[in-house]
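Okay, so here's the structure we're looking at.
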Amino acid sequence: MAETAADSVISKEKDYAPASTSSTSEEKVVSEIDIQNLTIDDSNKFLDEDSNIKIITSGDTPYRSAFTFEELNLSPQLLKGLYVEMKYQKPSKIQAISLPLILDPPYLDLIAQAHNGSGKTACFTLGMLSRVDPKLKAPQALCCCPTRELAIQNSEVLRKMGKYTGITFECAIGGDFTTETRIKKRSPITAQVVIGTPGTIKRRMTEKTLGLSYLMMLVFDEADHMLAKEGFKDDSLNMMKHIGRVTSHCQVLLFSATFNESVKKFAAKIVKGNHNELFVKKEELSLESVIQYKVDCPDELAKVMVIKDQILEFGERIGQTIIFVRTRNSAIMLHRSLVDLGYDVTTIQGALKQEDRDKIVKEFKDGLTQVLISTDLLARGFDQQQVNLVINYNLPVKYDHSTEPDCEVYLHRIGRAGRFGRKGAVFNLLCGDMDEMIMSKIETHFDMKIAKVPDWRNEEDFKAAMRSAGLL
DNA sequence: AAAAAAC
């Protein structure tokens with residue numbers, strides 16, 4: 001039933017497409033689509049801000065867009081947090097569109113896609129803080145994240161934003177595996193908002209130390225990954241089942257920068273029939289402020305030399321850098337090579353102790369380290385405004401098809417640079433025909449051309465590349 | 001042959 005309704009909207013939406021593409025380049029169109037009563041709102045103030053977002057509203061959802069936070073009926077305490085702590089002035093585009101959908105009755109489920117660094121976290125954090133009843137001392141909102149780092153980062157945002165609200169929160173993430181943590185009897189969570197990772201949340205549910213009776217909001221950050229088979233699909237479904245047994249009034253929010261077609265379909269299936277959707281075309285997802293390059297390297301050693309001579313030599317002038325590698329082992333090897341060459345780099349990957357991971361992230365966020373090597377642990381969601389440069393030491397490939405690119409991960413990785421519209425550059429280090437092919441598949445997928453740095457040995461080539469990306 | 005969570 002829900003699927004046919006969505007299908008009909010999509011086909012009708014296509015009929016309107018020429019109208020939006022024929023408009024002038026600055027005048028982008030946000031479409032309002034109502035399943036019952038199909039209309040397009042061209043008067044939306046946010047039309048000229050950036051790219052198209054396709055909105056599908058369901059049922060009789062009154063559609064509106066918030067130009068200011070005042071329009072959202074937020075508590076004075078929450079508004080103070082937004083202005084004083086977060087230093088926000090007005091809602092970003094995704095916030096303006098999604099917040100009314102989240103905060104207005106009948107609190108329909110929402111699937112929302114938006115560009116990297118566009119302020120998704122604030123959408124659901126604000127949503128949770130606003131909908132929670134400060135007087136009711138029990139878990140009311142739950143947010144699931146794919147990594148501990150992201151859970152910590154999100155709870156940090158919640159802490160700041162909710163500083164004056166008195167709303168309590170707890171971070172439900174696992175520690176290191178020891179006999180103590182295994183046996184330790186945990187006391188029930190009384191916090192009103194819980195942010196955590198799948199394993200711990202699941203366990204808390206089964207051992208009944210996470211009460212679900214008053215839960216009214218369930219958020220999946222990086223939702224496409226949380227619902228993907230190769231991600232946390234089983235855990236997510238398990239958690240939803242637990243919640244479904246206790247309450248039927250729980251609003252589900254799915255947020256991510258990426259939703260491939262199969263996850264999109266599955267996501268629409270798991271939310272309740274009547275729900276809202278926001279989507280961005282994949283060709284428009286890659287950020288214009290982040291310039292991407294590819295570099296042909298004859299061998300692995302050349303990649304290390306490129307990093308050493310053409311990138312690290314610029315030092316702090318180019319801001320912070322994240323170097324992505326495919327495996328934990330490559331992370332260790334590359335780390336060793338660069339340290340042996342005398343460079344001060346740090347590395348994070350899932351095999352490290354939680355304590356060390358926390359320390360490395362903190363040092364990087366505090367600006368004490370400039371260059372961080374990482375596995376895809378940090379590919380998603382990691383928010384550090386000073387990161388201007390991302391290096392793909394290895395291209396991201398599908399877990400079961402190493403000849404196929406993982407375009408979603410690629411997009412998430414490059415999104416670590418250029419947070420909130422800042423300038424950024426990406427260097428993809430390619431070695432061999434396979435890399436060439438994977439790279440060209442990525443270009444095709446996003447319908448873009450990636451410029452090649454002519455000579456991996458030529459310093460001037462890299463300087464020119466960084467200059468045109470706005471970094472030097 | 002694999003990033004991630006966690007027991």
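Order of the sequence lines fixes the chain letters, A, B, ..., with proteins taken first and strands second; residue numbering starts at 1 for each chain.
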Nearest-nucleotide pick for A:Glu230, side chain only, options being B:dA6, B:dA4, B:dA3: B:dA3
Sugar-phosphate, base or nothing in reach of A:Arg357, heavy atoms under 4.0 Å: sugar-phosphate
Between P of B:dA1 and NZ of A:Lys398, the distance in whole Å: 22 Å
Protein-nucleotide distance (A:Ile201, atom CD1; B:dA4, atom P), rounded to Å: 18 Å
A:Tyr399 side-chain proximity, nearest of B:dA5, B:dA6, B:dA2: B:dA2
Sugar-phosphate, base or nothing in reach of A:Gln349, heavy atoms under 4.0 Å: sugar-phosphate
Salt bridge present between A:Asp176 and A:Lys353 (N-O < 4.0 angstrom): no
Pair A:Lys398 + A:Asp400: basic N to acidic O under 4.0 Å: no
Spacing of A:Glu222 atom CD relative to B:dA4 atom P, expressed in whole Å: 15 Å
Integer-rounded Å distance: B:dA4 C1' and A:Gln354 CD: 12 Å
Closest listed nucleotide, where the reference is the side chain of A:Arg203 and the choices are B:dA3, B:dA5, B:dC7: B:dC7
Separation of B:dA6 P from A:Met205 CE (nearest whole Å): 14 Å
Phosphate-side-chain proximity, A:Arg380 and B:dA3, N/O vs OP1/OP2 below 4.0 Å: no
Qualifying residue, where the test is side-chain hydrogen bond (donor to acceptor under 3.5 Å, both in side chains) with A:Tyr343 and the options are A:Glu313, A:His335, A:Gln370: A:Glu313
Atom pair CZ (A:Arg148) and CG (A:Leu377), whose distance is rounded to the nearest 0.5 Å: 9.0 Å
Phosphate-side-chain proximity, A:Thr197 and B:dA6, N/O vs OP1/OP2 below 4.0 Å: yes
N or O in side chain of A:Thr147 less than 4.0 angstrom from B:dA5 OP1/OP2: no
Atom-to-atom span, CG of A:Leu237 to C1' of B:dA5 - whole angstrom: 16 Å
Nearest to side-chain heavy atoms of A:Ile173, which nucleotide of B:dA6, B:dA3, B:dA5: B:dA6
Salt bridge (Lys or Arg N to Asp or Glu O under 4.0 Å) assessment of A:Lys265 paired with A:Glu261: CA-CA 6 Å; A:Lys265 266 195 198 128; A:Glu261 287 308 314; over 6 Å; no
Separation of atom NZ in A:Lys229 from atom P in B:dA2, rounded to whole Å: 19 Å
Between P of B:dA5 and CG of A:Asn238, the distance in whole Å: 18 Å
Nearest-nucleotide pick for A:Arg186, side chain only, options being B:dC7, B:dA3, B:dA4: B:dC7
